[in-house]
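Inspection log for the structure reproduced underneath, given as structure tokens.
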Amino acid sequence: MAAAVSPEAERILATVARVPKGRVASYGQIASIAGLTGRARLVGWALRNSPGGTKLPWHRILRADGRIAFPEGSDAYALQIRRLARERVAVTGGRVDLARYGWHRASSLDAMLWGPRD
DNA sequence: ACCGTGACGGTAT
DNA sequence: TATACCGCCACGG
């Protein structure tokens, strides 16, 4: 049983699962929230090695500058853009406006003030 | 055990 | 805004 991977990966994946639909977060942000500041690369590793990672909203994770982390032109690159578009997240030039779609662990109040978009 | 690679990030130039 | 470097750490060869 249990693919266990590692306690850190578990926390990382659990954090990724919390990113709301229509919002995005950076690898470093996820690492910090998971209590692993400075270990953004581990987030990428955890996602890549997550058993059945298909269930996770991995497409909501981007680089710190809002760019897609996959090589431009790759299948994953195209798929991520497609999955984001499906959530109404605009991706222009392989990049998402974090000021607009970035997840800031908002409370319901913040959600009202900021709104999902617009 | 050494070294290159990578779904990263911050700072300097 | 873009490029270059360096710090970071798990893996694979």
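Quick note on labels: first sequence line is chain A, next is B, and so on, each numbered from 1. Both backbone and side-chain heavy atoms feed into the values below; hydrogens, waters and symmetry mates do not.
In DNA chain B, runs of at least 3 stacked Watson-Crick or G-U pairs (N1-N3 plus N6-O4 or O6-N4, or N1-O2 plus O6-N3, all under 3.5 Å) give these stems: B:2-6 with C:9-13, B:8-13 with C:2-7.
dA7(B) atom P lies 18 Å from atom CG of Leu56(A), rounded to whole Å.
Put simply, CG on Leu98(A) and CD on Gln29(A) are 8.5 Å apart, with the number rounded to the nearest 0.5 Å. From Ser32(A), atom OG reaches atom OH of Tyr27(A) across 15.0 Å, with rounding to the nearest 0.5 Å. Atoms CZ and CZ, from Arg23(A) and Arg100(A) in turn, are 11.0 Å apart once rounded to the nearest 0.5 Å.
For Ala76(A), the side chain to side chain contact (heavy atoms under 4.5 Å, CB included) partners two or more places apart in sequence, or in a different chain, are Phe70(A), Ser74(A). For Ala46(A), the side chain to side chain contact (heavy atoms under 4.5 Å, CB included) partners two or more places apart in sequence, or in a different chain, are Ala9(A), Ile12(A), Leu13(A). The salt bridge (Lys or Arg N to Asp or Glu O under 4.0 Å) check on Arg39(A) picks up Glu8(A), with sequence neighbours excluded. Annotation: side chain to side chain contact (heavy atoms under 4.5 Å, CB included) contacts of Arg18(A) (sequence neighbours excluded): Ile33(A), Trp103(A), Arg105(A).
Nucleotides of DNA chain C with any atom under 4.0 Å from a heavy atom of chain A span, from 5' to 3', dG7(C) to dC11(C).
Ala99(A) approaches Asp97(A) most closely through the heavy-atom pair N-OD1, 3.0 Å. The nearest pair of heavy atoms linking Arg88(A) to Tyr101(A) is O-CE2, 3.6 Å.
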Contacts under 3.5 angstrom, residues 59-68 of chain A side chains, donor-acceptor by atom type, not counting sequence neighbours:
unit_1	atom_1	unit_2	atom_2	d
His59(A)	NE2	Glu87(A)	OE2	2.8
Arg60(A)	NE	Glu87(A)	OE1	3.0
Arg60(A)	NE	Glu87(A)	OE2	3.1
Arg60(A)	NH1	Val19(A)	O	2.7
Arg60(A)	NH2	Glu87(A)	OE2	2.7
Asp65(A)	OD1	Arg67(A)	N	3.0

When you compare the protein's N or O atoms with those of nucleotides 8-10 of chain B, which come within less than 3.5 Å of each other, and at what distance?
unit_1	atom_1	unit_2	atom_2	d
dC8(B)	OP1	Arg63(A)	NE	3.3
dC8(B)	OP1	Arg63(A)	NH2	3.3
dC8(B)	N3	Arg41(A)	NH1	2.9
dC8(B)	N4	Arg41(A)	NH1	2.5
dG9(B)	OP1	Tyr27(A)	N	3.3
dG9(B)	OP1	Gly28(A)	N	2.7
dG9(B)	OP2	Ala64(A)	N	2.6

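When the nearest nucleotides of DNA chain C are assigned to Trp45(A) and Arg95(A) by heavy-atom distance, the more 5′-ward of the two goes with Arg95(A).
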